[in-house]
Amino acid sequence: MQRRDAIKTGFSLVGLLAASSFVYKEYANAKPVLKLRPPAALDEDEFLTRCIRCGLCVEACPFDTLKLAEFKDSGVGIGTPFFTPRDIPCFMCEDIPCVVECPTEALDPKLVTKDGALDINMAKMGVAVVDEKNCVAYFGIQCDACYRACPLIDKALLIDYKRNERTGKHAFLLPIVNSDYCTGCGKCEIACITDKAAITVLPRDMVIGKVGNNYVKGWVEGDDAKLKDADTKMHLDSKKGMKYLNGDEL
Amino acid sequence: MKFTIARRVVQLAILGLFIAGNIYGVNILKGNLSSSELFGVIGLSDPYALLQLFLAGFSVGSASVIGALIVVIFYAFIAPRAFCSWVCPINILTDLGAYIRTKLKIGKNIINISSNSRYYLFALSLIFSFTFGIAAFESVSYIGAFTRGVVYLSGSAISIAIIIICIEAFLGKRLICGHLCPLGAFWALISRYSLIRIYHNSKNCTHCNKCKAVCPEIQVLDIIGKESKNIRSECISCGRCVEACNDDALNFSILKFRREE
């Protein structure tokens, strides 16, 4: 009887070992993935709150761009949709089927509607960033692959012509991203000819800065209205200099 | 056997239709168990998931609300907890785990918890959804993860399946479906007044206890041999007891009809 019990316990332990090794496998294989959401996704927190993880957007996408995050895609929120532009970019469908299909409005059609019609160019999935050190255009080689691939050519992605002082007779064709227009579709990233793309789409909140309200743009009409009620008194802390000299930092 | 075969056919057909819809574009069922589209027109949503989303953000899309209402009405008025035994793919895995458990004659539970734990987990998931602003159970749901894995044909479904089968076979009897699953708790609560119930006729009962040997929610059978009554809503309507009973003491019935009798 004792031996039988021991064998049973052995079975249980082997089974538990199998279960835990599979748990370990799922988590140990986890790779961080960029949170690039489908077009018209709400702000990240709100999106996570709203998304029911049904995959109807994934199903609706005719190009298999979208994937649902699994355990191994860490940092995305299990079951929520994302895409990896270097694999398959967003092809910017005019009827935006992924957004139309979303039952919980986590992909909010309002964010991509202009004058009552869907406009995919309003999407803000991410923003492209150029690695100047590894972009062959910065070597002086003529490459405009990303520029040609951009669906908003000359708006989101521009070419800056610059004289190549080293050769004296050639021009640099430098890709410049305008983040006001860049939708983050990733067509530039997949078009990039380098081994690992020198132009990469990143989540907007990782890249886009924010300027304080205190700067006045003289060339923007009405911007000087900010000066109207500005407090012009100087606020000097006379003790600050003393503190600096006498503080511990020196 | 007929109910078990019917259940497996329904469970596999639903998964098959999801796979066909998502991979091959067959327009019958699309999406997954969280939210889906029937024939490309009727939206269906998991009401429990939607409840969590609502508590997390206090706003949900109108399409999903209608879909959830359809589902709630179905289970609340027709079949109690039938989701668990007729739809949920985890049921296939836990049944397999339970089968392995009986074959290996493993009696001892490593983890012993009350079957009420699922109600506490259910309450906890709602509280967490509200406090942390994210659908709490949905973000760790093994049901969702496994269904997605199967429906979108990804390899991670295999790992999840093995984990669940191992837990069920070696850790505790009916641990996941019968003790822990907050979705099961939700369906049990919803199903209180649903009409199709197992009816126990104690006049025919010979106290053979065969039904208790096969029932995955054994506490609902506490009336066996004592009183003629409908079985309560924790029953997952799997029909195993009906199959096991040789005395015609247990069968599906319609709640209202029986009451008038």
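Below, chains carry the letters A, B, ... as their sequence lines are ordered, and counting in each starts from 1. Computed from a predicted model, the values in this text were never measured in an experiment. Both backbone and side-chain heavy atoms feed into the values below; hydrogens, waters and symmetry mates do not.
Remark: Lys212(B) NZ is packed, more than 12 non-hydrogen atoms of other residues, nucleotides or ligands lying under 6.0 Å away. The environment of Tyr215(A) atom OH is sparse: at most 12 non-hydrogen atoms of other residues, nucleotides or ligands sit within 6.0 angstrom. With a 6.0 Å radius and a threshold of 12 heavy atoms from other residues, nucleotides or ligands, Lys226(A) has its NZ atom above the threshold. The environment of CG in Leu12(B) is crowded: more than 12 heavy-atom neighbours from other residues, nucleotides or ligands sit within 6.0 Å. Within 6.0 Å of NZ in Lys124(A) there are more than 12 heavy atoms belonging to other residues, nucleotides or ligands. More than 12 heavy atoms of other residues, nucleotides or ligands shown are found within 6.0 angstrom of NZ on Lys67(A).
No donor-acceptor pair closer than 3.5 Å links the side chain of Asn32(B) to the backbone N or O of Leu56(A). Side chain of Tyr152(B) to backbone of Val58(A): no donor-acceptor contact under 3.5 angstrom is found.
Interface summary for chain B: among Glu46(A), Arg50(A), Lys25(A), Glu105(A), the most heavy-atom pairs under 4.5 angstrom belong to Arg50(A). In terms of heavy-atom pairs under 4.5 Å with chain A, the best-connected choice from Ser139(B), Ser141(B), Ala169(B), Ala56(B) is Ser139(B). Looking only at heavy-atom pairs under 4.5 Å with chain A, the residue among Ser45(B), Gly133(B), Ala135(B), Gly144(B) that has the most is Gly133(B). For the options Gly21(B), Gly57(B), Ser159(B), heavy-atom pairs under 4.5 Å to chain A are most numerous at Ser159(B).
Scanning residues 119-128 of chain B against chain A with a 4.5 Å heavy-atom cutoff picks out nothing at all. Contacts between residues 88-98 of chain B and chain A, defined by a heavy-atom separation under 4.5 Å, are made by no residue at all.
Residue contact with chain B, scored on non-hydrogen atoms closer than 4.5 Å, involves the backbone and the side chain of Ile78(A) alike. Only the backbone of Cys51(A) comes within contact range of chain B, with at least one heavy atom under 4.5 Å from a heavy atom of that chain.
Counting heavy atoms from C-beta on, the side chains of Ile160(B) and Phe71(A) come closer than 4.5 Å. Thr49(A) has its side chain out of reach of Leu53(B): every pair of non-hydrogen atoms, C-beta onward, lies at least 4.5 Å apart.
The minimum heavy-atom distance between Cys166(B) and Ala19(A), with the atom names listed, is CB-CB, 3.5 Å.
Between the CD1 atom of Ile163(B) and the OH atom of Tyr24(A) there is a distance of 14.0 Å, given to the nearest 0.5 Å. Atom CG of residue Leu33(B) and atom CZ of residue Arg53(A) lie 15.0 Å apart, to the nearest 0.5 angstrom. Here the CG atom belonging to Leu48(A) is positioned 13.0 Å from the CD atom belonging to Glu138(B), to the nearest 0.5 angstrom. Interatomic distance, CD1 of Ile164(B) versus CZ of Phe22(A), reported as 13.0 Å (0.5 Å rounding). Interatomic distance, SG of Cys54(A) versus CG of Leu44(B), reported as 11.5 Å (0.5 Å rounding).
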